[in-house]
Structures are given as C-alpha cells and as structure tokens.
Number of protein chains: 2
Amino acid sequence: MNKSSQCEASEMLKRAGISPSYQRIMVLSALLETDEHPSADTIYKKLGSNIPAISRATVYNTLNLLVDRGVIQSMRTAGSETRFDSICEAHSHFFCRKCKKIYDIAKQIGEIKTELDGHLVESQEFVYKGLCRECREEMKK
Amino acid sequence: MNKSSQCEASEMLKRAGISPSYQRIMVLSALLETDEHPSADTIYKKLGSNIPAISRATVYNTLNLLVDRGVIQSMRTAGSETRFDSICEAHSHFFCRKCKKIYDIAKQIGEIKTELDGHLVESQEFVYKGLCRECREEMKK
DNA sequence: TCAAAGAATAGATTTAATCTAAATATAGAT
DNA sequence: ATCTATATTTAGATTAAATCTATTCTTTGA
C-alpha cells in the first residue's frame with residue numbers, strides 16, 4: 001500500500017481516459033508494486049484485508065478494462081490462471097512449467113511489427129517455456 | 001477420419017514411447033488433420049459421432065500426455081480455452097482478440113535458445129496479438 | 001489362467017471467470 | 001443545493017473448462 005504507486009496508478013488511469021476510482025487505483029497500484037505477475041485472485045487477496053474491502057468482480061472488471069485499454073498486459077499459460085503484468089512495452093517472458101513462476105527476460109525483442117500477413121498487430125511477446133533455474137536445482141537433489 | 005493420418009499418429013506415439021491405443025490414435029490424428037488449433041472440446045465433439053465413442057476425460061488425458069512428452073504444443077490466450085497444435089518445431093502465432101482464431105506465422109523465429117538466465121528452455125514461441133485480416137475488414141463496414 | 005499394470009470411462013467436483021440485478025457513487029444540468 | 005442520468009461497485013449465482021475419483025475394461029507376461 002505504497003503512496004507513490006497509488007499516485008502513479010491514478011496518473012496512468014487518467015491518461016488512459018479511465019476515471020480513477022478508489023478501487024481502480026488500489027488494483028492498479030497493487031500490480032505496480034510487484035514484479036511477480038500476479039493473478040486476479042492474488043490481487044484480490046492482497047487487497048482483501050483493506051477497509052473498505054474490494055469485491056472480486058471489481059478486481060476482474062478493472063483488470064479486464066486495463067487490458068482492453070492497453071494499460072497492462074495479460075498472459076495465460078497452460079495449467080494456470082490469467083496473470084497480469086504492468087509493464088506494457090514489448091518484452092519477453094519465461095514460464096516455468098513446474099513452479100508456475102513467470103520471469104521477465106531482459107533480452108531485446110526483435111523488430112516491432114505493426115502489421116503481419118494483413119493482421120493488425122497490437123502486442124507482441126516472446127514466450128519461453130521450460131524449467132526455471134530454481135526448479136532445476138531442486139531436481140538435481 | 002483419414003487413414004494416413006492415423007498411421008502417422010500411431011508412428012508418432014510409438015516414437016514417444018506411448019502405447020498407441022485406439023483412443024490415442026484417434027485424438028492425435030484428429031489434431032494432425034487440421035491446422036485450426038482446436039480445443040480439447042472441439043476434438044471431443046469431432047470424435048463424438050464415432051463408434052465406439054471416446055470419453056471427454058480421455059481426450060484431456062491424451063492431449064496432456066502428448067504435451068508432457070513434447071509431441072504436441074498447447075497454448076492459451078486470454079478469453080478462451082487451451083488450444084492445441086501438432087506442429088512442434090518453434091514457430092510463431094497470431095491470436096485474434098475478436099474472433100479468437102489462431103494463425104500460424106511462417107516468419108522465421110530468431111535464434112533457438114536452450115538456456116536463458118540459467119533457465120532450461122524447452123520450447124519457444126513468438127506470440128502476436130491483435131485484430132486479424134478478416135476482422136479488420138468486418139470493422140470497416 | 002491368473003495377477004498386475006495400463007487405459008478408458010461416466011459423472012462428480014473443482015476452479016477461474018463471468019454474469020445478474022440491485023445498491024452506491026458521481027457528474028452535470030437546472 | 002437538488003434532481004436526473006450515468007458510471008461504478010457489489011454479493012452471490014452461474015457458467016464453462018478442466019481435473020479428479022473410483023470403477024470397469026484391456027493388455028501383458030509370469
């Protein structure tokens with residue numbers, strides 16, 4: 001519950017033409033404060049202890065709205081819920097099939113496309129899947 | 001229900017060390033016969049009219065087994081079920097946010113990685129999202 | 001021919017996400 | 001300020017994908 005991330009969230013909402021309600025600020029700032037690519041439910045639980053509490057539907061509504069407006073990114077991978085990422089510039093992700101963690105990959109993504117075979121490209125992402133560093137160590141034991 | 005795709009499916013199963021039961025051959029050959037990246041349920045319905053019928057659980061079990069053994073690929077995108085692809089070499093996909101179609105992108109994927117920041121890379125994919133050619137046309141009207 | 005392992009099955013259950021319909025809050029007009 | 005229309009939030013019901021359970025059927029090989 002960081003004051004500066006709430007301020008940033010409010011600014012981002014205004015810039016996207018979304019009115020910055022208390023609930024929306026809470027949801028977006030919770031996402032800004034972590035790099036763990038949380039699920040809607042994780043955010044809901046994180047905010048659950050607040051007064052006033054926020055309903056589950058609002059968390060989902062807000063996240064979906066933010067994705068639609070291009071403020072945040074969503075991703076799904078086999079066997080887990082939708083996960084959200086506040087970094088909206090094109091970047092890469094590594095999905096661990098064991099622990100389900102998602103790592104940001106710094107490596108530069110190739111050329112940014114706006115069109116491909118006649119399709120309009122709105123976002124692009126390099127997806128790597130496998131076994132993360134930590135889980136590899138675990139396996140060795 | 002193509003004879004040659006069933007033969008191919010049987011070969012692929014054997015190569016992966018999976019015993020080629022009637023049901024597994026049916027599921028895999030159904031996937032080989034299409035380039036539409038079907039969902040488990042789509043495959044289930046396609047096979048539903050066969051005698052003997054195949055249960056839903058078997059379709060799911062088989063697809064999951066094939067993904068685990070690296071015989072096929074699975075992918076999820078926001079707002080739709082898991083979709084399957086029999087092409088296992090690294091390639092790119094375009095996801096249409098409107099009609100939910102998935103297009104294969106011929107364009108060569110960059111360098112093939114086997115390791116990244118210490119993580120073991122088992123598969124990699126370029127994911128483009130946006131509005132497909134057809135839906136763009138629809139919008140113009 | 002029997003035991004043990006491997007597969008398949010129907011239907012119940014789980015879980016993520018959405019929907020519904022009602023309650024609250026906000027903004028703009030008068 | 002007060003009224004009205006619109007926007008937002010809410011709890012709980014509903015939906016839909018996927019998994020689980022526990023039983024049945026098949027295959028294998030001693």
Side-chain angles (χ1 to χ4, degrees), chain A residues 9-10 13-14 16-31 37-69 71-72 74-84 95 97 100 102, chain B residues 9-10 13-14 16-31 37-69 71-84 97 100 102:
Chain A
S10 180
L13 288 165
K14 282 180 212 157
I18 301 169
S19 65
S21 69
Y22 169 80
Q23 288 84 345
R24 285 168 177 165
I25 290 170
M26 288 327 245
V27 170
L28 180 53
S29 76
L31 189 58
H37 312 86
S39 67
D41 199 60
T42 303
I43 292 177
Y44 172 67
K45 281 179 183 137
K46 190 177 171 190
L47 297 177
S49 49
N50 283 17
I51 305 294
I54 292 178
S55 95
R56 193 180 295 272
T58 301
V59 174
Y60 276 95
N61 289 344
T62 301
L63 290 168
N64 286 340
L65 179 64
L66 291 171
V67 170
D68 286 350
R69 299 298 180 85
V71 180
I72 64 173
S74 75
M75 26 191 187
R76 292 182 89 177
T77 176
S80 71
E81 342 88 297
T82 300
R83 307 274 285 265
F84 298 87
F95 294 86
R97 67 169 154 82
K100 311 293 181 202
I102 300 175
Chain B
S10 179
L13 289 165
K14 281 180 211 159
I18 300 170
S19 65
S21 69
Y22 169 80
Q23 288 86 343
R24 286 168 177 167
I25 290 170
M26 289 327 245
V27 170
L28 180 52
S29 75
L31 189 58
H37 312 86
S39 65
D41 199 60
T42 303
I43 292 177
Y44 172 68
K45 279 177 186 140
K46 189 176 171 191
L47 297 177
S49 50
N50 283 15
I51 306 293
I54 292 179
S55 98
R56 193 180 296 271
T58 300
V59 174
Y60 276 94
N61 288 343
T62 301
L63 290 168
N64 286 340
L65 179 64
L66 291 171
V67 170
D68 284 350
R69 299 299 179 86
V71 179
I72 65 175
Q73 275 189 306
S74 76
M75 31 194 181
R76 293 183 87 178
T77 177
S80 72
E81 342 89 294
T82 301
R83 307 275 286 265
F84 298 89
R97 68 170 155 81
K100 311 295 179 200
I102 301 174

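Numbered from 1 within each chain, the chains take letters A, B, ... in sequence-line order. Computed from heavy atoms alone, side chains included, the values below leave out hydrogens, waters and symmetry copies.
Judged purely by atom type and a 3.5 angstrom limit, Ser29(B) uses its side chain to pair as donor or acceptor with the backbone of Ile25(B).
Two residues are said to be in side-chain contact when any heavy atoms from C-beta on lie closer than 4.5 Å; Val59(B) and Leu63(B) meet this criterion. For the pair His37(B)/Met75(B), a side-chain contact is recorded, criterion being any heavy-atom separation below 4.5 Å from C-beta on. Between Ser19(B) and Arg24(B), some side-chain heavy-atom pair lies under the 4.5 Å cut-off. Val71(B) has its side chain out of reach of Leu65(B): every pair of non-hydrogen atoms, C-beta onward, lies at least 4.5 Å apart.
A straight line from CZ of Arg56(A) to P of dT14(D) spans 17 Å, rounded to a whole angstrom. Whole-Å rounding puts the Glu81(B) CD to dT18(C) C1' distance at 15 Å. Atom CG in Asp41(A) sits roughly 13 Å away from atom P in dT18(C) (whole-Å rounding). Distance, Arg76(A) CZ to dA16(C) P: 11 Å, rounded to whole Å. For the pair Lys14(A) NZ and dT26(C) P, the interatomic distance rounds to 15 Å; values are reported in whole Å. If you measure from atom CD1 of Ile43(A) to atom C1' of dA16(C), you get 14 Å, rounded to the nearest angstrom. One atom, CG of Leu13(A), and another, P of dA7(D), lie 17 Å apart when rounded to the nearest Å. Rounded to whole angstrom, the span from the CG atom of Asp68(A) across to the C1' atom of dT18(C) amounts to 14 Å.
Remark: Tyr60(B) is not in phosphate contact with dT19(D), judged by side-chain N or O atoms under 4.0 Å from OP1 or OP2. Within the 4.0 Å cut-off from OP1 or OP2 of dA18(D), not a single side-chain nitrogen or oxygen of Asn64(B) is found.
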Exercise for review: Any chance you could list the contact pattern along nucleotides 4-9 of chain C? Use B for base contacts, S for sugar-phosphate-only contacts and - for none, protein heavy atoms under 4.0 Å, 5' to 3'.
Suggested key: ---SSB
Point to revise | Evaluation steps, side-chain contact (heavy atoms from CB on, under 4.5 Å), between Leu31(A) and Val27(A) | key: CA-CA 6 Å; Leu31(A) 189 58; Val27(A) 170; 5.9 Å; no
